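These figures come from a predicted structure and were not determined experimentally.
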Amino acid sequence: NESKKIMAYETINVDVQDHVCLIKLHRPEALNALNAALVSELCTALEEADASDKVRCIVLTGSEKAFAAGADIKEMSEMSFTDVYS
């Protein structure tokens, strides 16, 4: 049972064990609301896992309390309509 941390992230936890890459959203203070940083890190982790010969399966999960609350409205409130949809 070899476990390997892929890379350090701030808003997600990534662990590879037995060819399974577990990606867990980790913004507990915001119920894993999706902000720009989380989406960017998630894309990077998914691309890295997809390119790895050590990964055969990717599992994406949230916390016990919430998978994801949706978009981070607090972050969006500072954006214009065009910023949100471009």
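Among residues two or more places apart in sequence or in another chain, the side chain to side chain contact (heavy atoms under 4.5 Å, CB included) test is passed with Ala30 by Arg27, Ala33. Evaluation of the side chain to side chain contact (heavy atoms under 4.5 Å, CB included) rule for Thr61 yields Leu22, Lys24 as partners, not counting sequence neighbours. Scored by the side chain to side chain contact (heavy atoms under 4.5 Å, CB included) test, Ala36 finds Glu75 as partners (sequence neighbours excluded).
The closest donor-acceptor contact from the side chain of Ser77 to the backbone of Lys74 lies under 3.5 Å.
Under the 4.5 Å side-chain heavy-atom criterion for Ile, Leu, Val, Met, Phe, Trp and Tyr, Val39 and Ile12 are members of the same hydrophobic cluster. A continuous path of hydrophobic side-chain contacts links Leu46 to Phe67 [ILVMFWY only; heavy atoms under 4.5 Å].
Considering every non-hydrogen atom in both His19 and Asp53, the closest pair reads ND1-O, 4.4 Å. Across all non-hydrogen atoms, the minimal contact from Asn32 to Pro28 is OD1-N, 4.0 Å. Residue Ala49 comes nearest to Ile58 through the heavy atom pair CB-CD1, 3.8 Å, listed as atom of the first residue, atom of the second, then distance. Across all non-hydrogen atoms, the minimal contact from Leu38 to Thr11 is CA-OG1, 3.1 Å.
Note that the CZ atom of Arg56 and the CG atom of Asp18 stand 10.0 Å from one another [nearest 0.5 Å].
Side-chain contact between Leu34 and Leu42 is absent, with no heavy atoms from C-beta onward closer than 4.5 Å. Side-chain contact between Asn13 and Asp15 is absent, with no heavy atoms from C-beta onward closer than 4.5 Å.
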